[in-house]
Protein chains: 2
Amino acid sequence: MSDTPKDDVSEDTAADRFLQQFTGYRIKRALLVVHEDMTETLVPLGLRVGTFAPLAVVAANPGISQTKLSDVLKIKRSGVVAVVDELERIGAIERKPVAGDRRTNALFMTTAGGRLWQQAEAAIQAHEDRLFTDLTDEDNDQIRDLLSRVILRAERAKE
Amino acid sequence: MSDTPKDDVSEDTAADRFLQQFTGYRIKRALLVVHEDMTETLVPLGLRVGTFAPLAVVAANPGISQTKLSDVLKIKRSGVVAVVDELERIGAIERKPVAGDRRTNALFMTTAGGRLWQQAEAAIQAHEDRLFTDLTDEDNDQIRDLLSRVILRAERAKE
DNA sequence: GTTCAATTGTTCATTGACATAACAATTCGG
DNA sequence: CCGAATTGTTATGTCAATGAACAATTGAAC
């Protein structure tokens with residue numbers, strides 16, 4: 001990546017600056033780099049960006065159902081199946097039957113899954129510290145607060 | 001969307017808050033809602049989120065090559081082909097041969113494309129104003145500055 | 001109680017937005 | 001001039017997510 005031809009740097013950055021006048025584009029680019037670094041962080045643990053969040057939710061909500069999980073993650077039930085399959089296949093969580101309702105699966109972390117989650121959480125924390133190290137704690141609070149307000153604002157507008 | 005079953009609001013928002021402790025997840029959620037609103041904004045004009053940025057770059061850089069466009073957009077040349085195909089098919093831009101190099105395409109906006117771009121830019125500006133209306137101008141400057149620093153930081157770290 | 005509607009998890013086909021690899025045509029460098 | 005590099009292109013795959021249909025099960029009306 002260090003050998004990128006930069007015969008035209010000024011024009012490149014000018015075009016880049018032009019595009020970044022749009023906040024939406026800026027968010028996309030930010031997500032791109034964060035996603036990439038997060039992938040590198042999780043792969044050694046056998047996780048992906050798409051399995052980290054589900055694992056986090058199950059860790060914090062033992063016995064949660066798949067439908068509930070789909071609500072929290074804002075993805076469809078059909079999408080949850082694949083993710084839960086994967087996490088079960090690597091032995092991190094397991095589906096258990098629920099007493100009063102034979103339709104529902106209750107999701108629990110295994111003990112191995114608990115260890116995995118500990119590692120993953122620490123690794124992601126380090127990843128965020130590393131990625132956002134230029135930012136002060138104040139900056140971090142700000143960016144998170146501002147993003148939250150964007151999310152809330154937009155979701156309220158959808159109703 | 002207004003009839004979402006909310007029998008369990010407190011737990012939902014708790015789980016949500018838990019997930020949003022991760023800035024990466026927050027960015028993803030923010031992008032999700034922004035992307036959705038942006039789509040609704042662009043579809044009436046015959047554009048998509050994925051064609052807006054290329055159109056913007058061609059508008060600001062008449063005669064740009066596809067390879068150059070792929071650099072600016074941070075996508076591969078093969079991906080540019082489909083996007084340019086689409087923009088050419090709807091009559092917004094056109095490929096023109098370059099004098100000294102028969103390999104290269106120079107991309108230009110058509111006059112219809114110019115009108116389209118004017119509308120699209122105004123529409124997206126309105127979309128951002130609407131979506132970020134809760135935020136002060138200061139907030140907006142901050143969020144954009146912070147995202148930029150995240151992007152720069154991460155891209156520098158990749159080298 | 002029975003029956004009809006709703007819920008849960010699942011499968012399958014599809015989409016969107018990319019990436020990778022190979023390729024022909026063309027241009028460039030020594 | 002010839003081999004290396006560049007440009008656009010095609011074909012193929014991947015990743016994340018969606019939508020539609022489905023069987024099993026549960027809930028509600030009455």
Side-chain angles (χ1 to χ4, degrees), chain A residues 1 3-5 7-8 24-25 28-29 31-36 38-39 42-43 47-54 63-89 93-107, chain B residues 1 3-5 7-8 24-25 27-29 31-33 35-36 38-39 42-43 47-54 63-89 93-107:
Chain A
M1 197 59 59
D3 54 9
T4 308
D7 49 355
D8 222 337
Y25 186 77
K28 185 191 172 188
R29 288 284 303 279
L31 182 62
L32 201 70
V33 294
V34 170
H35 192 281
E36 188 171 337
M38 202 171 162
T39 297
L42 290 174
V43 162
L47 288 172
R48 299 176 302 107
V49 175
T51 47
F52 174 79
I64 192 173
S65 73
Q66 294 185 195
T67 294
K68 198 72 191 305
L69 185 54
S70 88
D71 284 347
V72 173
L73 296 176
K74 313 285 182 198
I75 62 178
K76 298 301 169 214
R77 290 197 317 265
S78 55
V80 170
V81 175
V83 160
V84 169
D85 280 352
E86 180 173 346
L87 284 171
E88 202 170 38
R89 188 167 40 72
I93 70 174
E94 48 186 351
R95 293 169 161 101
K96 286 188 175 175
V98 167
D101 191 339
R102 274 179 295 175
R103 294 169 302 179
T104 307
N105 293 333
L107 305 177
Chain B
M1 197 60 61
D3 54 7
T4 308
D7 50 352
D8 223 337
Y25 186 77
I27 295 176
K28 185 191 172 188
R29 287 283 304 280
L31 183 63
L32 201 71
V33 294
H35 192 281
E36 188 171 336
M38 202 171 163
T39 297
L42 290 174
V43 161
L47 288 172
R48 299 176 304 105
V49 175
T51 47
F52 174 79
I64 193 175
S65 73
Q66 294 184 195
T67 294
K68 197 73 191 305
L69 185 54
S70 87
D71 284 348
V72 173
L73 296 176
K74 313 285 183 198
I75 62 177
K76 297 302 168 216
R77 290 196 318 264
S78 55
V80 170
V81 175
V83 160
V84 169
D85 280 351
E86 180 173 346
L87 285 171
E88 202 171 37
R89 188 167 40 73
I93 70 174
E94 49 187 350
R95 293 168 162 103
K96 287 189 175 174
V98 167
D101 191 340
R102 275 180 295 175
R103 293 168 304 179
T104 306
N105 294 332
L107 305 177

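Treat the numbers as computed from the prediction; the structure is a model and nothing was measured. Order of the sequence lines sets the chain letters (A, B, ...), proteins ahead of strands, with each chain counted from 1.
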Rounded distance (Å) that lies between atom C1' of D:dT6 and atom CG of B:N105: 13 Å
Approximate separation, where rounding is to 0.5 Å, of B:T67 OG1 and B:K76 NZ: 11.5 Å
Per A:S78 side chain, nearest of listed nucleotides D:dT9, D:dA20, C:dG9: D:dA20
Heavy-atom pair of closest approach, residues A:L31 and B:G24: CD1-O, 4.1 Å
Whole-Å distance separating the CG atom of B:L73 from the P atom of D:dG8: 13 Å
Note, B:L47 side chain near B:L87 side chain (heavy atom, < 4.5 Å): yes
A:E86 CD - D:dA17 C1' separation (whole Å): 14 Å
pair A:L73-A:V83: side-chain heavy atoms closer than 4.5 Å: no
Side chain to side chain, A:R95 and A:L107, heavy atoms closer than 4.5 Å: yes
Sugar-phosphate only, base, or nothing, as touched by B:S65 at under 4.0 Å among non-hydrogen atoms: sugar-phosphate
A:T104 side-chain N/O to D:dT25 phosphate OP1/OP2 under 4.0 Å: no
Between D:dT7 (P) and B:I64 (CD1): distance, integer Å: 12 Å
Toward the 5' end of DNA chain C, by each residue's nearest nucleotide, A:R103 or A:D85: A:R103
Gap between atoms CG and P, on A:L69 and C:dG9 respectively (whole Å): 10 Å
B:Q66 side-chain N/O to D:dT6 phosphate OP1/OP2 under 4.0 Å: no
B:R102 side-chain N/O to C:dA25 phosphate OP1/OP2 under 4.0 Å: no
Any A:T67 side-chain N or O less than 4.0 Å from OP1/OP2 of C:dT7: no
Per A:D101 side chain, nearest of listed nucleotides D:dG8, D:dT25, C:dA19: D:dT25
Separation between CG of A:N105 and CG of A:L69, rounded to the nearest 0.5 Å: 11.5 Å
Separation of D:dA16 C1' from B:E36 CD (nearest whole Å): 16 Å
Where A:V98 and A:A106 come nearest, the two heavy atoms and their spacing: CG2-CB, 3.7 Å
Could you list all N or O pairs between the protein and nucleotides 14-18 of chain C that sit under 3.5 Å apart?
{"residue": "C:dA17", "atom": "OP2", "partner": "B:R48", "partner atom": "NH1", "Å": "2.4"}
{"residue": "C:dC18", "atom": "OP2", "partner": "A:K28", "partner atom": "NZ", "Å": "3.3"}

Nucleotide C:dA21, atom P - distance to CZ of B:R77 in whole Å: 13 Å
